[in-house]
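Heads up, the thing below is written out as C-alpha cells.
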Amino acid sequence: MLMPSLRKPRTDPLWRLTAACDADRRPHRLDLIVGVYRDDTGTSPVFGAVAEAERRLAERSPSKEYLGPAGNRAFTGALTELLLPSDRVRERTLAIQSVAGTGALRLLAELLAETGPDRTVYLGTPAYLNHRTILTTAGLRVREYPMLLADGRPDPDAALEAIATASPGDVLMIQGCCHNPTGTAMSTERWEELARAMLARGVVPFVDQAYFGLGDGLEADLEGMRRMLDLLPEAVVAVSASKAWGLYNERTGCAVVVSDDSTRRAHAYGILETVARAGYSQPPDHGARIVHEILRDPGLHTDWLTELEGMRERLGALRGGLADALAHRTGTTVFEPLREQRGMFLRLPLAEPDMGRLREEHAIHGLPSGRINLAGVPTHRLDHLADAIARVHGVSEQAARPLPVGWANAR
C-alpha cells in the first residue's frame, strides 16, 4: 500500500522554473530556460529535411512491429557511422537505441555501475542539471571538481588534476561540445591531452554528445571526441538526436560502447539490453526512422546539414550581438568571455539574486546559475535583453562598492 510521505516530494528545479515562467502573463516575457532551439518567431521549427523524411515514411507506411530492446539497428548503424567515421573505432563499437540522450545516459550509467560497483565518476561543475541525478540513481559514486576560473573561463588544469587523483576504472564525465550550462568548448589538442592522461591512469571517458553541429560546425564539434576514442581502449558515449534534428518530443537517442575486447563488448550489450527491457522494453521508432532516412539519402543529408549550419550561424550572431551590446552598455570587459562560449547556452556572470531581478523586474526567465538559452532570444529582442542585463549588473556592481568613509554619520 502507498502511504502518504511525511517529506516534501522532490521536484525537478528546471521544470519548476518552467512552470513559473508559463504562469508569467507579461507580454514581453522571455523564456530562456529549457534547452530548445527556437527561431525568431519563438517557434521550435521542424527541419525541412525532417518534414520530407516524414512524408516519405508516411507514403511507405512501414510496419509498426516490435523492434526489441536494442531498437532500430539501421538507425544506430547510420548514426554511429556519422559520429565515428574511423573504421578502427567502429569495429570496436556497439550501439543500441535509447529513449533520447537522457535514456542513453541512464543506460550507460547502469552499465558502468554493473561492471564497476566501486567506480567514482568525476564530474566538472557547474554541470548539466541532470547528470548527477542520473549517475547517483544508478548507484555510482560522484566526485565533483570546479572546472571554471573566477572569470568564467575554463580552468586548464582542473580535469587533469581530477584524472591524476582517479583510480583505474574510474570515469571522467565529458560533454562533447557546447557545454551545458557554461557554453565552454575544448580544442582538439585538449581532447588529446585528456585522452593521454586517462590512458596513463586507466580512466574511462563518459561522453555526453548532445549539441554537435551547433558549436563550430559538425566536423569540428566531433573531431576531439573522435581523436580521444582513437587513443583509448574503452569509452561510453550517450548521443541525443533532439538538438541536431529538432526531434525533442520524439525521444531519439543512442547508447554507444567502445571497447578493444570483443568479449567485454558482448557482455556490455547484454547488460544494456537487460536494463532497457526492464525500464521501457524498447524505444519509440518514429524519430529513429526519420534520422535514418535523412542520413541514408544524400539529398536529405545535404539539406539537413544546411539547416543545421543555419542554426549554428544564428546562434553565433546572437552571441556576438549580445556581447557587443553589453560591452557598449556597461563599458566593461566583464562580458567578454561570452564570445568564447558555444552552442545554445550562455552563462552570464550574474549571481542568483541578479537572475531573480531579471525575472521579477524584466520578465526574463533563466536559471539561477546564470544560464540562459540563447536560442530562445528573437533577434529583435536582443537589445531588450542587453538592457535588462546591464541594468541588473549595474545595480549589483553599485551594491558591491565599498561604502565611503563616514557613511555611518551621513543623513
Side-chain angles (χ1 to χ4, degrees), residues 12-15 17-18 21 30-40 42 44 100-102 105 123-132 146-149 151-155 173-186 207-218 220-221 224 238 240 242-244 246 248 308 311-323 325-326 334-352 354-355 358-359 364-379 381-382 385-386 388-389:
D12 188 300
L14 185 68
W15 296 112
L17 290 168
T18 300
C21 179
L30 271 179
D31 177 2
L32 308 182
I33 299 173
V34 179
V36 172
Y37 180 86
R38 296 189 177 99
D39 59 22
D40 274 345
S44 181
T102 303
L105 289 168
L123 179 65
T125 58
Y128 166 52
L129 199 60
N130 211 14
H131 273 163
R132 184 180 181 90
M147 56 173 285
L148 297 180
L149 299 169
D151 65 359
R153 289 185 170 89
D155 183 341
M173 194 85 207
I174 307 172
Q175 292 193 40
C177 63
C178 308
H179 186 275
N180 177 6
T182 70
T184 56
M186 294 194 298
V207 183
D208 183 0
Q209 195 64 266
Y211 304 101
F212 48 95
L214 297 178
D216 293 306
L218 182 65
D221 288 347
S240 170
S242 295
K243 284 26 175 220
Y248 301 98
L308 186 62
M311 291 165 59
R312 187 187 74 83
E313 290 175 351
R314 176 174 175 268
L315 290 171
L318 286 170
R319 182 179 295 102
L322 182 60
L326 288 170
V334 171
F335 296 95
E336 279 302 299
L338 301 185
R339 299 184 192 276
E340 300 173 19
Q341 298 178 20
R342 292 290 184 271
M344 292 171 56
F345 300 114
L346 284 180
R347 189 165 188 262
L348 298 168
L350 299 178
E352 186 171 338
D354 302 324
M355 295 302 293
L358 276 183
R359 180 180 64 252
I364 295 171
H365 295 256
L367 267 60
S369 64
R371 192 204 85 172
I372 61 171
N373 174 22
L374 187 63
V377 184
T379 303
R381 300 291 305 279
L382 201 60
L385 175 62
I389 294 171

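All values below were derived from every heavy atom in this structure, side-chain atoms included, with hydrogens, water molecules and symmetry-related copies excluded. Remember, predicted model here, so these are calculated numbers, not experimental data.
- Arg314 pairs by the salt bridge (charged side-chain N to carboxylate O under 4.0 Å, His left out) definition with Asp40, not counting sequence neighbours.
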(message) Please determine whether side-chain contact (heavy atoms from CB on, under 4.5 Å) holds for the pair Arg319 and Arg339, giving the CA-CA distance in whole Å, both sets of side-chain angles, and the decisive distance to 0.1 Å.
(response) CA-CA 6 Å; Arg319 182 179 295 102; Arg339 299 184 192 276; 5.6 Å; no

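- Each of Asp31, Leu348, Leu30, Ile33 was evaluated against Ile372; a single residue qualifies, Leu348, per the side chain to side chain contact (heavy atoms under 4.5 Å, CB included) test.
- Taking the six-membered ring for Trp and the full ring otherwise, Tyr248 and Tyr37 have centroids separated by 6.0 Å or more.
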(request) Take Met147 and Thr184 through the side-chain contact (heavy atoms from CB on, under 4.5 Å) test and state the conclusion after the steps. (result) CA-CA 10 Å; Met147 56 173 285; Thr184 56; 3.7 Å; yes

(message) Assess the residue pair Leu14 and Leu367 against the criterion (side-chain contact (heavy atoms from CB on, under 4.5 Å)); give the C-alpha distance rounded to whole Å, side-chain angles, the decisive distance to 0.1 Å, and a yes or no.
(response) CA-CA 8 Å; Leu14 185 68; Leu367 267 60; 3.8 Å; yes

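- Ala238 and Gly101 make their closest contact through CB-O, 4.2 Å (heavy atoms, listed as atom of the first residue, atom of the second, distance).
- No donor-acceptor pair closer than 3.5 Å links the side chain of Asp208 to the backbone N or O of Ile174.
- Shown here are the salt bridge (charged side-chain N to carboxylate O under 4.0 Å, His left out) partners of Glu313, two or more places apart in sequence or in another chain: there are none.
- In this structure Arg312 satisfies the salt bridge (charged side-chain N to carboxylate O under 4.0 Å, His left out) test together with Glu309, sequence neighbours excluded.
- You'll find the side chain of His131 reaches within 4.5 Å of the side chain of Leu105, heavy atoms only.
- Leu315 is listed as a side-chain neighbour of Met344, based on a closest heavy-atom distance under 4.5 Å.
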(message) Between Leu318 and Thr379, is the side-chain contact (heavy atoms from CB on, under 4.5 Å) condition met? List the steps.
(response) CA-CA 7 Å; Leu318 286 170; Thr379 303; 4.1 Å; yes

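- With Gln341 contributing its side chain and Arg347 its backbone, the two residues share a donor-acceptor pair below 3.5 Å.
- When all heavy atoms of Tyr128 and Pro181 are compared, the closest pair comes out as N-CD, 4.0 Å.
- Judged as a salt bridge (charged side-chain N to carboxylate O under 4.0 Å, His left out), and not counting sequence neighbours, the contacts of Arg342 are Asp216.
- Side-chain atoms of Tyr211 and Asn180 form a donor-acceptor pair, as typed in the model, at a separation below 3.5 Å.
- Smallest separation of non-hydrogen atoms from Gln209 and Cys177: OE1-SG, 3.8 Å.
- Contact check for Ile364 versus Leu385: side-chain heavy atoms found under the 4.5 Å cut-off.
- In this structure a side-chain-to-backbone donor-acceptor pair under 3.5 Å is missing from Thr125 to Ala127.
- Contact of the Thr182 side chain with the Pro126 side chain is registered, since non-hydrogen atoms from C-beta on lie closer than 4.5 Å.
- Residues forming a side-chain hydrogen bond (donor to acceptor under 3.5 Å, both in side chains) with Arg381 (at least two apart in sequence, or on another chain): His384.
- A distance-only check finds no donor-acceptor pair linking the side chain of Asp221 to the backbone of Leu218 [under 3.5 Å].
- Side-chain contact between His365 and Leu32: absent, with no pair of heavy atoms (C-beta onward) separated by less than 4.5 Å.
- Scored by the side-chain hydrogen bond (donor to acceptor under 3.5 Å, both in side chains) test, Gln175 finds His179 as partners (sequence neighbours excluded).
- When every heavy atom of Pro349 is checked against every heavy atom of Val334, the shortest pair comes out as CG-CG1, 3.7 Å.
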